[in-house]
Every structure is written in C-alpha cells, then in structure tokens.
2 protein chains.
Amino acid sequence: MLSNSSKYAIKAVLFLAIHSNNKRVMVKDISDPINVPQAYLAKLLQPLVKEELVSSVRGPKGGFYLNEENLNHSVIDIIRVIDGEEKLNSCMLSLEKCNEEKPCPLHNMLVVSRKNILNNLENRTIKELALAVEKGNAFLPL
Amino acid sequence: MLSNSSKYAIKAVLFLAIHSNNKRVMVKDISDPINVPQAYLAKLLQPLVKEELVSSVRGPKGGFYLNEENLNHSVIDIIRVIDGEEKLNSCMLSLEKCNEEKPCPLHNMLVVSRKNILNNLENRTIKELALAVEKGNAFLPL
DNA sequence: TCTTAAATATGATTTTTATCATATTTTTTA
DNA sequence: TAAAAAATATGATAAAAATCATATTTAAGA
C-alpha cells in the first residue's frame, strides 16, 4: 500500500514536527536519526516543499521546518504527493472495474477497515500526531 | 502492502475457484481472462503448487485446479507464499522497533483496522469467496 | 562583494520487481 | 513406444523503484 518513499517522507515530516520547533534543521540531521539515505531524503523533500507540506530556506543556517500551516496537514497529503492519488484509491487487487456496485471478493471484506484507515490518515493532523509523541502516547524509534 | 505478484496470484486462485470445478485448466486459460502475462503467472503458480495451495498435473489434458483442501485455504496463505511473512507483519512505517508497547504515531490510529483486515484475510476461505461470486454478491471483473 | 553552507535540480547507478524466453520433465494418447 | 501437450525449472531481459553523485542556486556573514 505504501511505497518506501512515502514511509520515508512520513518519518521525516513527523521527525520535523517533533524536533524542529520552528528551528531549521538540515537534511543530514533528519536523515541520520530516521535512518534514511541523505541524498534520497533530500530528493523526497523537494515535492513536499513544492506542495507546501514542508518549509525550507536555502543557504547557510538554512534547512527544513514546519510552519503552522504545514503542521495542520495530514499524513494522507504526504502520501498523495509522493505516491499519487491512484495508489490510495485502487482496489486491493487493482481491479479497475471493482467498485461499490461490482465489488471484487476482497472488496466487501475490506471496505470498512479500508475506509477507517483512509479516514484516519485524512483527519489526524501532523500536529496531533506529534503531540501524541510529546505526551508519551506514541514513539518514534529509529 | 500487496505486491503485484500477490495480486496476480490471488486473482488466479479466485479464478480457479470459480471456473475450474475440479476441471484442469491451463495457464493460458487462466492468464488470459485475468489479464496477467502467461509466463509470469506460470512462474507464480509454482510456489503455490509446492505449498499445496493449488493442484496441478502435467502433460496433455493437464492443468491447474483446486481440490477441497486447496479451497479451504485463505487469501493470507497466498500472500505468505508470494510476499513472505515479514511484509504482512511489518508496521505501516516499517519501523522495526514499533510494537504495542512502543507504538509509532500511526500505529494506534491503525491497529484496529489493520487487525480487522488481517483477520479477514486469515479467516475467509477461498471457497467462501468464490461462493460470494457465484451468489452474485461479488464480482471478478478483468 | 566574496566565501561558504545550505537547499535544489538533474542525471547516473544499483537493486528489486516484473516480464519474457527457452529448455526440461511428465503424462496422455495414438 | 513415440509424439505431442502440458507443467516445471532456469535464466535472460526490461521496467520501476531506490540510491548515489554532482552541479547549480540561494542566502548568510565576514
């Protein structure tokens, strides 16, 4: 369901949400702790900046950070930018003609859970997720 | 979450469950209707035969089919054989150290739905899924 | 205004996944 | 028992995803 790239991007954004408090942090200082190759992460961050899910400034003392607006985005926004809309909406077997009216055998079995997952990814903001970590209700290991 | 290979394998098994009623059907006659390259599917079927999720006989009049035992397996068995156990159990962000005690921010949000999906994949048999199609409650398009 | 440190842009390489091709084995049937 | 039709086994190729490398642009500070 999620590509490696999306996972990396999500980890990076969560890391920023937790560790940069409006401070700019450079790729290296994100990629190292979250265990993602630096150059690769740098590349992933570009579309996120372009789509305004992440903020950045160039030059010395530059780096990445999240502003208030960024913090109010949801995880699904990240996935949309990195993996694209189709992957999110495609049926579990990738059957084009599978839909509510003509569901494939897995469809009914999974619709509810699937919708739940998508709803959660859609509605919880990055800020909320970071808050959970700060409160000790969640963790960001590795 | 699911590789293309797993999707193909599931489609093939469901196709067999619905269309071969103990009749042997050759790869070509599976691959064509389910829209999967023949040689690729042939290759995918081998591990399924080896793990006794699918039955086969060689030679003229040979082909693939599902016996009673095969029909009582579940979709998750197919995924296990093709994609492997790890993919199924790994956390959404693939954090090794993410678990019930130290959940990542996505974990809590998704555990319930996730467990539901896995339970369903585990408990519904191929036979049941095929039955749903025969009864017109589900469809297998493409 | 020059140097330096950072992001950004672009392209090359590697690895993985998907696909194609071909040779071998098994079974049927003539 | 020979020929043909099927699965099976193995390896080669192609495409996609992940990773690495390098050059360019921007901003800070001396």
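A quick note: this is a predicted structure, and the numbers were derived from the prediction, not measured.
In this structure, of dA18(D), dT10(C), dA4(D), it is dT10(C) that holds the atom nearest to the side chain of Lys43(A). Distances were taken from every side-chain heavy atom of Gln46(A) (C-beta onward) to each of dT8(C), dA4(D), dT19(D); the shortest belongs to dT8(C). Relative to the side chain of Pro37(A), the nucleotides dA7(C), dT8(D), dT19(D) differ in distance, and dT19(D) lies closest. When distances are taken from the side chain of Phe64(A) to each of dT10(D), dA18(D), dT8(C), the shortest belongs to dT8(C). With distances taken from any side-chain atom of Tyr40(A) to the nucleotides dA18(C), dA9(D), dT19(D), the minimum falls on dT19(D). Considering only side-chain atoms of Ser56(B), the nucleotide from dT8(C), dT19(D), dT8(D) that sits closest is dT8(D). Closest to the Val27(B) side chain, of the nucleotides dA7(D), dC20(C), dA18(C), is dA7(D). Ranking dA9(C), dA7(D), dA6(C) by closeness to the Met26(B) side chain, first place goes to dA7(D).
In this entry the distance linking CD of Gln38(B) with C1' of dA9(D) reads 16 Å, nearest Å. Rounded to whole Å, atom C1' of dA6(C) lies 15 Å from atom CG of Leu41(A). Atom CG in Leu44(B) sits roughly 15 Å away from atom C1' in dT10(D) (whole-Å rounding). At whole-Å resolution of the value, CG in Asp83(B) and C1' in dT16(C) are 13 Å apart. Separating the CZ atom of Arg24(B) from the P atom of dT8(D) is a distance of 12 Å, rounded to the nearest angstrom. Leu48(B) places its CG atom 11 Å from the P atom of dT8(D), with the value rounded to the nearest Å. Distance, Asp29(A) CG to dA6(C) P: 9 Å, rounded to whole Å. Distance Ile82(A) CD1 to dA16(D) C1': 16 Å, rounded to the nearest Å.
If you find the closest nucleotide of DNA chain D to Ser5(A) and to Leu45(B), the one lying nearer the 5' end belongs to Leu45(B). Along DNA chain D, the nucleotide closest to Lys87(A) and the one closest to Arg58(B) are compared, and the more 5′ of them pairs with Arg58(B).
Using a cut-off of 4.0 Å between Lys/Arg side-chain N and Asp/Glu carboxylate O, Arg80(A) and Glu51(A) are scored as not salt-bridged.
Distances shown here put every side-chain N or O of Tyr8(B) at or beyond 4.0 Å from the OP1 or OP2 atom of dA18(C).
Remark: Ser74(B) engages Asp77(B) in a side-chain hydrogen bond (donor to acceptor under 3.5 Å, both in side chains) (not counting sequence neighbours).
The backbone N or O of Lys28(B) sits less than 3.5 Å from a side-chain atom of Ser31(B), completing a donor-acceptor pair. A donor-acceptor pair is defined here as one N or O able to donate and one able to accept, closer than 3.5 Å; such a pair exists between the side chain of Glu128(A) and the backbone of Thr125(A). Judged by distance alone, the side chain of Asn137(B) and the main-chain N or O of Val133(B) form no donor-acceptor pair under 3.5 Å.
Contact annotation: side chain of Lys61(B) to base of dT29(C), donor-acceptor pair absent below 3.5 Å.
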